[in-house]
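To start, the structure under review is shown below, and the notes come after it.
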Amino acid sequence: MVDASILPLVVSAARVRRDGRDIIGPLDAELAAEGTTLVIGPNGAGKTTFLRMLHGLERLSGGTLRWQALEREVRRRQAFVFQSPVMMRRSVLENAAYPLILRGRTRRQAREAAAGWLARIGLAEAAERPAHVLSGGERQKLALARALVTEPDLLILDEPCASLDGRATREIEALLVAARAAGTRVVMSTHDMGQARRLASDVLFLHRGTIREAGPAEAFFEQPQTPEARAFLRGDIVE
Amino acid sequence: MNEIWQGLIEAGRLIATLDADLIEISLRSLQVTVTAVLIASAIGIPFGAWLAVKRFRHRRAAIALLNALMGLPPVAVGLFVYMLLSRSGPFGVFGLLFTPAAMIVAQVFILTPLVASLAHQSMRELWADYHDLLISLGATRRQRIAAIVRDGRRALLTAALAGFGRGIGEVGAIMIVGGNIDHATRVLTTAIALETGKGNFALALGLGFVLIGLAISVNWLVHTLSRTEGGARW
Ligand SMILES: Nc1ncnc2c1ncn2[C@@H]1O[C@H](COP(=O)(O)OP(=O)(O)OP(=O)(O)O)[C@@H](O)[C@H]1O
Ligand SMILES: [Mg+2]
């Protein structure tokens, strides 16, 4: 990477308010420059909101996000993969090329780079098909390619493998491992503890809009410190 | 019933003989309305898309106003444009009154709110789909509008066609500002009104059938063209 990364990020006392209550926060967290962070926690804990907040899609009602770059730069150097991928009403190739077009690359450059990604995710043959005819797994892979085509510093994914079968999940995971090896910082949420164990270098455990536990993955899974995390990992209902 | 048959026969005769007057006024109808639709679309489509994408304080009021404007009575618009263009009016110096240009101006006033409102409705749905993605990708407002206009082009074409349908059949406004002058501003609808007034029901009906035929063929043509272009996949 030519420029310094936008990371590490320091989140201080961040809050997101909806309908008169804080659905996030006050929340403190740090994202180091390296690794893969898995965000886990029960339904409604605030994982989606937390990730959207990091990406700048949710307005803070308090607190700060401190990045290592200016705000404009920060958004440009991260990418987000939504739980249900948004397929633009265009061809598969045009979907993958679109972020580069937005950044002012020529159509030709954008399409070439996108075609390279389609080949990597095994969708080269589908390039000219309309994106909305893709299967769920293929859509998610396309969304991932569209996120990675800009070579972001930080890739955020919200349950990218929910409702995918084992094979599709493995394919996504392989792409994430490769992205990480290429220097992309990954932050993602999941309900699949197997996946969390396979991918995580560290874990953020969210409960009721705050981080109840954070740390290296191994320690977290071996010896969770809080009763909520212990209950969650046992598969109990977390109150 | 007899008169309807006579009308059909008259329509057939007019078309079969390529009646010069019929062709002249049909072409003028097309010229006026197609021009008005193009202008109305050039204004209404970006405006509708902008309205879908932009959040501002009086957005709801703006949308309500737009929908109200869509229901403007053409006669009132005609009167308004007449006053603007008449000799003593602010644009009187251009001498546009009783010319096809005046008719186009009046139709632009009538069609723009319609096209903008229909465009806004379909663009709003598409924007709801695209919102998070385009924000996430850091698209500027211009890029957002461009994206939904491009990807929603079929719905926008339908909006433009609705404008054409309204314009080609409109009579009140163009009668007032055009004056239905033979060989100058006479179009299908004003000719029908005139012939009906004179009691020439067969000719009036004949012109009516031509008008219907014209409206259907333009719709069909545009749909066919857009399908071969590949838009039908969406
Ligand atoms: N737009 C909103 N208005 C009001 N409340 C909201 C809104 N969005 C989210 N919430 C609430 O905020 C809380 C956190 O939601 P969030 O979607 O972030 O949870 P999550 O951890 O992603 O859950 P899941 O595991 O089910 O995806 C929930 O209680 C939810 O009801
Ligand atoms: Mg969620």
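The basis for the numbers below is simple: all heavy atoms, side chains too, and nothing from hydrogens, waters or symmetry mates. Below, chain A is the first sequence line, B the second, and so on; all start at residue 1. All values reported here derive from a predicted model rather than from experimental measurement.
- Within a 6.0 Å sphere centred on CE of B/M83, heavy atoms belonging to other residues, nucleotides or ligands number 12 at most.
- A/S189 pairs by the side chain to side chain donor-acceptor pair (under 3.5 Å) definition with A/D158, not counting sequence neighbours.
- The environment of CG in B/L221 is crowded: more than 12 heavy-atom neighbours from other residues, nucleotides or ligands sit within 6.0 Å.
- The minimum heavy-atom distance linking A/H55 with B/S136 is given by the pair NE2-OG, 2.8 Å.
- The environment of OH in B/Y82 is sparse: at most 12 heavy-atom neighbours from other residues, nucleotides or ligands sit within 6.0 Å.
- In this structure, A/E34 places its CD atom where only 12 or fewer heavy-atom neighbours from other residues, nucleotides or ligands lie under 6.0 Å away.
- No side-chain heavy atom of A/R76 sits less than 4.5 Å from a side-chain heavy atom of B/L137.
- Across every non-hydrogen atom of A/L102 and B/Q143, the tightest pair is O-NE2, 3.0 Å.
- Contact of the A/M88 side chain with the B/L134 side chain is registered, since non-hydrogen atoms from C-beta on lie closer than 4.5 Å.
- Residues of residues 38-65 of chain B lying under 4.5 angstrom from chain A, judged on non-hydrogen atoms, do not exist here.
- Remark: B/F209 CZ is packed, more than 12 non-hydrogen atoms of other residues, nucleotides or ligands lying under 6.0 Å away.
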Side-chain donor/acceptor pairs under 3.5 Å, residues 113-126 of chain B, sequence neighbours excluded:
unit_1	atom_1	unit_2	atom_2	d
B/S117	OG	B/N67	OD1	2.6
B/S122	OG	B/L118	O	3.4
B/S122	OG	B/A119	O	3.2

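- For B/D132, the salt bridge (Lys or Arg N to Asp or Glu O under 4.0 Å) criterion is met by A/R52, not counting sequence neighbours.
- Contact annotation for A/F80: both backbone and side-chain heavy atoms come within less than 4.5 Å of a heavy atom of chain B.
- Closest heavy-atom contact between B/D129 and A/V86: O-CG1, 3.3 Å.
- To the nearest 0.5 Å, atom CZ of residue A/R89 and atom CZ of residue B/R150 are 12.5 Å apart.
- Enclosure of atom CZ in A/R17 by more than 12 non-hydrogen atoms of other residues, nucleotides or ligands within 6.0 angstrom is indicated.
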